[in-house]
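Here is the naming used below: chain letters follow the sequence lines, and residue numbers restart at 1 for every chain.
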Amino acid sequence: MKTEIAIIGGGPAGLAAAVAAREAGVEDILIIERDNELGGILNQCIHNGFGLHTFKEELTGPEYAGRYIEKVEELKIPYMLHTIVVDIAENKVITVMNKEQGMFQIEAKAIVLAMGCRERSRGALNIPGYRPAGVYSAGTAQRYVNMEGRMPGKKVVILGSGDIGLIMARRMTLEGAKVQVVAELMPYSGGLKRNIVQCLDDYDIPLKLSHTVVDIKGKKRVEGVTLAQVDENRRPIPGTEEFYECDTLLLSCGLIPENELSSQMGVELNPVTSGPVVNESLETNVEGVFACGNVLHVHDLVDYVSGEAKMAGENAAAYVQGTLMQAGKEIPLKGENGVRYTVPCTVDRDRMAEKQVVRFRVGNVYRDSFLCVYYNDKCISRVKKKVMAPGEMEQVILMKSKLEAFDGLESITIRIEQE
Amino acid sequence: MKVKELVCIGCPLGCNLKVEISEEGSMEVTGNTCPRGADYAEKELTDPRRIVTSSVRVSGGHLPCVSVKTETDIPKDKIFDCVKALKNVELLAPVKIGQIVAENVAGTGAAVIATKDIYVQ
């Protein structure tokens, strides 16, 4: 089997990339999705707050996904469900598997990586204690409650203040569970402020910052967990332990881009984001392989995922049509002094659009600080920001005309500065 | 004059709002980046409302549940009544996105609509 553009993943990123590639004139596109329907994680995100940027209205996750699925159907873009990609070779031969056809291969001219991310598991968190039933990732619980109609438990403690954990605190409460507390290891929340307000404050659920789980009690089923306060080195402080009786522990401790397929095919990954290193065209180091959405870096907003994926889809289309300019001089983009990474990692002035959005996260909470952009060692913009926090993605916009006008440009640095 | 501080929940930006309430009760909102913020602040301090999302059971569909939402926001103190009322609703597949699942939920005047297509299986 052959296709011009193969899109790995039928979630929000894959759908938007597919629509954009078709609208750019590529007929032969294939979306490969391992679940039994398109839409990805949006199908279980039944809360509202999606789409304000893309559709100028407030939608729930399934509605947002529905808009794109409708477009995919309208444009008759082919997709395969229940089909898992097991390998991608460097020559863009994709090995896939499903129940009807068994294992087979698809040769693609261009590939868009849109596999999304997954949750950090209990194993990765090194929580001591027994391994009883009743410990779930927040996303697993979300799928059970919202899509399968099952309640994971009645008395809940949540570790981690990521958005899914906050959303699930509210959801479990509405379905009759008692959510006793959300504990967060860091001294600041990992989720959006609006979710603290509408998911915790609205229901009087306490958020304990600088706290973690130090023990899980129960052999067959969770009977309770012990929380303790942590010091500035995130070590539990003896004497601060508090026992909470519960039957369920939800974990919402971060998301990790799912890049096993990418690294197998030789795509270089950024150790900070665990996502591919990409240039301004969202192209990885393997020519004709693009990445977008949460597989590239974890986003807060699906609207931004769609925008990014559109660009990846358009560039993949340009690549197969032979209109994507040859890569020229790549200028490195660096994050410094609190700016943990940048996406993209490089810009090519000839290939970039007039406005290039650069997205990044900061490593700590910064108040009344300046967000600065340097060309070489010259500061060209310095913007005061009231608050920047790791839970909220930041961005700067680079202008092509300004970059071109700057003689001898060797690097662009984004950094945070105090007064 | 009273001053209240709020975080806007209108969108993920989460603007920090400052509301100055005069003796006569008029409000001045600052810190918002869009008009939604001012609307939210005034509403939150006089008549707090929320869109409620939940799921209801479906039989004969490709999934056992369909996600739903209140078509308009409802008073905050009616949220639990709304979710409770939906516990007794059971639909038969197919369900179309936008289909009315319950009218005038918990006496709020708001309809509850499906937010996803469920097809027959």
Is any side-chain N of the basic residue among [X] and [Y] closer than 4.0 Å to the acidic one's carboxylate O?
X      : Y      : answer
A:R143 : A:D35  : yes
B:E44  : B:R50  : yes
B:K87  : A:E175 : yes
A:K385 : A:E394 : yes

(message) If I take atom OG1 from residue A:T83 and atom CD1 from residue A:I31, how far apart are they, to the nearest 0.5 angstrom?
(response)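 It is 12.0 Å, given to the nearest 0.5 Å.
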
Does a side-chain heavy-atom distance below 4.5 Å link [X] with [Y]?
X      : Y      : result
A:E392 : A:L192 : yes
A:C292 : A:E308 : yes
A:S252 : A:M168 : no

Is [X] close to chain B through its backbone or its side chain, or both, or neither, when contacts mean heavy atoms under 4.5 Å?
X     : result
A:N48 : both
A:Q44 : neither
A:L52 : side chain
A:E63 : both

(message) Using ring centroids (six-membered ring only for Trp), state whether A:Y304 and A:H299 fall under 6.0 Å.
(response)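 Judged by ring-centre distance (under 6.0 Å), A:H299 and A:Y304 do not meet the cut-off.
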
Taking [X] for its side chain and [Y] for its backbone only, find out whether a donor-acceptor pair lies under 3.5 Å.
X      : Y      : answer
B:E23  : B:M1   : yes
A:T140 : A:Y136 : no
A:E184 : A:M186 : yes

(message) If we define contacts as heavy-atom pairs under 4.5 Å, which of B:S54, B:A114, B:P48, B:G98 has the most with chain A?
(response)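 Ranked by heavy-atom pairs under 4.5 Å with chain A, first place is B:S54.
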
(request) Please work out which of the three classes, parallel, tilted or perpendicular, describes the rings of A:Y64 and A:F50, given edges at 30° and 60°. (result)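 Plane angle between 30° and 60°, so tilted.
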
(request) Residue by residue, scan residues 64-84 of chain B and write down, ordered by number, those that have a heavy-atom distance under 4.5 Å to chain A; if none do, write 'none'. (result)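 Listed by number, the contacting residues are B:P64, B:C65, B:S67, B:K69, B:K76, B:I79, B:F80, B:V83.
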
(message) Taking 4.5 Å as the heavy-atom cut-off, does anything in residues 201-209 of chain A contact chain B, and if so which residues?
(response)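 Answer by number: A:D202, A:Y203.
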
(request) Pick whichever of A:N43, A:I46, A:V145 has the most heavy-atom pairs under 4.5 Å with chain B. (result)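 Among the listed options, the one with the most contacts to chain B is A:I46.
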
(request) Using a cut-off of under 4.5 Å on heavy-atom pairs, state which of A:R171, A:H47, A:K386 scores highest against chain B. (result)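 Max contact count across the listed options: A:R171.
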
